[in-house]
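What follows is a single structure, written as structure tokens, with notes after it.
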Amino acid sequence: MIRYKALKELGILLLNNRKEIQIWLSNDYCPKYFKQKIMKKTFLVLIITLLIFKVNAQYNTLRIPDTLAGTNFDLSIKDTFKQLKTGNQTITGAINSDFWGPTLFINKGDVVHMNVKNNLNDSTTIHWHGMHLPAVMDGGPHQVIPPGTLWQPYWTVKNQASTLWYHPHLHEMTLEHISKGIGGFIIVRDAEESALALPRKYGVDDIPLVLTSRKYDANNQFVVQNTAYGDYMLTNGTPDAEVSLPKQFVRLRILNAEIERAYNLGFSDNRTFYIIGNDGGLLNAPVAVTRVKLMVGERVEILVNLGADALGSSIDLKAYNAGQPQGFPGGEPNTTGQFGSLLNNTTFNVLNIKVAAATSNAITTLPSTLINNTYWTTADATVNRSIAITNGNPGPGSVPFNFDNTSFNISRIDKTVNLNDIEKWTVTNNNVFGHTFHIHDVEFKIVARNGNASAVGTHESGWKDVMYVPVNESVSFVAKFDDYADAVHPFMYHCHFANHEDGGMMGQFVVTGSTGINETKESISFSLYPNPANDRVFIQLTNADEEVYYLTVTNINGKAVIMLPQPEMQKGIDITSLSKGIYFIHVTDQKTKTISTQKFVKL
Ligand code: C2O
Ligand code: CU
């Protein structure tokens with residue numbers, strides 16, 4: 001290591017001082033014989049250095065995802081490629097990038113608009129994981145974005161400060177689209193979190209870490225089908241990642257975006273670190289641990305103190321997955337096959353951390369308390385539901401798990417929840433393997449494991465949207481289904497292992513409010529102005545009491561080009577992205593859900 005470092009530095013020195021060496025060599029004082037000798041030696045050392053550098057190259061600088069902030073976000077989902085291994089580049093998928101996507105900074109209380117353009121050759125969706133929003137904006141399997149279409153959901157940010165994420169969710173395609181690398185972080189800010197003395201300099205002392213792993217074929221392409229686990233770690237899409245972090249308290253926002261693998265995280269010197277937040281935001285107070293288990297879809301925010309580390313020293317964040325039992329995702333002993341991986345049941349590096357100088361205004365103390373969460377309790381719940389994890393009937397390419405012996409059916413609503421009800425859900429796993437359970441729409445409070453409130457881990461004591469359901473356990477949560485009712489568009493609940501979810505381990509619920517459906521089934525009537533139009537088309541409803549639930553613009557071939565859930569009518573429809581021609585606007589009525597169509601011409 002020392003030798004490698006010294007040689008690396010020498011190589012850099014030679015590269016940086018090439019000019020001076022050349023000038024010196026061309027100097028008359030230097031005899032020709034020496035010149036040749038020195039030249040030869042210089043190049044020899046350079047070549048050897050480069051060779052050793054290549055052979056010993058252990059780490060790559062951690063990529064920090066770009067950021068987007070404000071209230072308007074342009075996201076382009078695309079196929080791309082990335083150099084992940086020596087040799088061929090790997091075909092990947094990404095948002096505005098070459099793997100993964102930008103971190104979106106949003107503020108509680110703001111209305112945010114997403115302009116999601118699907119530039120893939122496939123339909124997909126983008127789900128805002130953990131976000132409390134109307135079902136029609138949720139980006140689950142029902143909000144399909146065809147290729148070439150711009151999908152424009154928007155909502156008021158009601159979540160508290162938290163680390164959320166966005167990812168594809170098209171039924172039976174989730175594994176494939178997530179495996180490509182499509183996704184991104186969402187960081188919600190609010191006044192309570194901002195008032196705390198916590199590290200908050202993105203990429204400096206506040207680091208997002210998305211953990212995943214991939215298998216490669218002989219051409220360096222991702223192996224996706226029938227693959228539960230990768231062989232090689234990717235941290236923010238960086239293989240063998242290293243990062244320089246300042247000598248002070250550093251905040252890591254860690255997301256498990258794997259297909260199936262869980263991580264038992266800790267530091268190489270077993271130091272204590274502090275959990276300050278879970279899926280849905282900050283805990284009441286930091287929780288000191290030396291290990292934390294992170295399942296697929298879960299997030300954890302931790303503080304680690306590097307203040308006592310020597311400048312230039314290094315420490316590893318590792319997955320202590322060696323010795324995990326069968327049933328722990330990634331605990332399997334096999335290294336090959338559908339559930340095999342070189343990382344299975346081993347302890348492996350997630351991130352090499354080099355300790356660098358402290359920043360100005362460094363956070364050097366651990367806050368003793370964080371925020372005041374008021375959690376729901378079992379006593380608050382007026383409705384109780386039980387869900388059993390059961391064996392399915394595996395078809396080709398399917399997996400043998402589902403809920404209550406029923407596999408997902410996109411046209412069947414499994415549960416109906418009354419708006420504003422507080423419910424307790426208990427998920428029981430008498431299956432052969434551990435699973436996760438995720439619910440859309442709301443954050444919940446885990447209230448019991450095996451009926452025992454004190455068995456809930458302190459590491460999962462905050463607001464959650466994913467929970468681990470190990471073999472032979474039952475886990476209960478309580479949630480309030482407030483704000484958003486929609487009798488047509490459901491929310492999902494599912495195991496977050498993409499292969500299980502695609503295989504049918506998913507169900508859906510609608511939240512219904514008191515607004516009754518109009519039985520007359522009269523469709524909405526409207527006109528468009530100006531028509532022809534240049535940049536904006538406005539919709540004039542014949543009956544001002546009517547409301548638009550959904551608006552789709554299609555081209556002359558019937559292909560959707562713009563999709564606007566619950567459009568803000570007063571703003572009109574921005575048609576600047578359309579080329580000249582004839583288009584149709586299809587308007588779905590809020591009450592009757594019937595669709596009416598009008599034609600317009602784009603100039
Ligand atoms: Cu992160 Cu239904 O998903
Ligand atoms: Cu599962």
Side-chain angles (χ1 to χ4, degrees), residues 100-101 124-133 135 137-144 159 162-175 177-179 182-186 210-212 228-229 255-262 279-280 294-299 327-332 338-339 387-392 394 398-404 407-408 410 414 427-444 464-471 473 475 489-509:
W100 199 238
T124 191
T125 80
I126 291 293
H127 166 56
W128 319 102
H129 179 128
M131 195 72 70
H132 183 45
L133 39 53
M137 312 289 182
D138 188 47
H142 291 264
Q143 289 87 46
V144 179
N159 290 68
S162 48
T163 306
L164 311 180
W165 62 303
Y166 56 99
H167 64 77
H169 210 313
L170 184 63
H171 186 49
E172 295 181 331
M173 292 299 284
T174 301
L175 170 70
H177 291 171
I178 286 191
S179 294
I182 303 169
F185 278 101
I186 302 175
V210 50
L211 312 186
T212 190
Y229 304 115
L255 159 67
N256 180 340
E258 280 280 6
I259 300 308
E260 207 174 314
R261 187 188 313 284
D279 303 347
L294 197 66
M295 301 294 141
V296 177
E298 286 187 309
R299 288 86 68 207
F328 176 90
E332 296 93 323
Q338 183 173 3
F339 302 105
I387 293 177
I389 293 173
T390 44
N391 287 315
S398 180
V399 288
F401 306 115
N402 58 23
F403 295 122
D404 299 322
S407 291
F408 182 68
I410 199 161
D414 299 287
V427 182
T428 303
N429 183 6
N430 291 320
N431 202 263
V432 294
F433 199 73
H435 297 271
T436 59
F437 189 86
H438 167 56
I439 183 170
H440 290 207
D441 183 20
V442 289
E443 296 290 330
F444 54 72
K464 297 279 295 167
D465 54 54
V466 183
M467 60 183 190
Y468 182 33
V469 193
V471 181
E473 277 198 33
V475 192
H489 278 238
F491 290 110
M492 303 293 127
Y493 59 89
H494 56 93
C495 173
H496 215 292
F497 301 169
N499 47 349
H500 291 188
E501 166 188 343
D502 278 346
M505 197 175 181
M506 180 155 68
Q508 44 191 0
F509 66 96

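Atoms within a ligand are numbered from 1 in the order they appear, just like the ligands themselves. Throughout, numbering of the chain's residues begins at 1 and tracks the sequence.
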For N/O/S atoms only: which one belongs to His129 and is nearest atom 1 (Cu) of ligand 1? ND1
To the nearest 10°, how many degrees is the angle His494 NE2 to atom 2 (Cu) of ligand 1 to His169 NE2? 100°
Return the name of the atom in His500, of element N, O or S, nearest to the Cu ion (ligand 2). ND1
Do you know which N/O/S atom name in His435 is closest to the Cu ion (ligand 2)? ND1
Donor-acceptor contact present, side-chain Asp465 to main-chain His440, <3.5 Å: no
Below 2.8 Å, can you find an N, O or S atom of His167 next to atom 1 (Cu) of ligand 1? yes
Side chains of Gln143 and Asp138: is there a donor and an acceptor less than 3.5 Å apart? no
Metal site the Cu ion (ligand 2): N/O/S of Cys495 inside 2.8 Å: yes
Parallel, tilted or perpendicular: which one describes the rings of His496 and His129, with boundaries at 30° and 60°? tilted
Examine the side chains of His169 and Thr125 and answer whether a donor and an acceptor come within less than 3.5 Å of each other. no
Heteroatom test (N, O or S) for His127 near atom 2 (Cu) of ligand 1, limit 2.8 Å: no
With no hydrogens and no angle check, do the side chains of His435 and Asn429 hold a donor and an acceptor under 3.5 Å apart? no
Below 2.8 Å, any N, O or S contact between His496 and atom 2 (Cu) of ligand 1? no
Would you say His171 and Glu501 are linked by a side-chain donor-acceptor pair, where the criterion is simply a distance under 3.5 Å? no
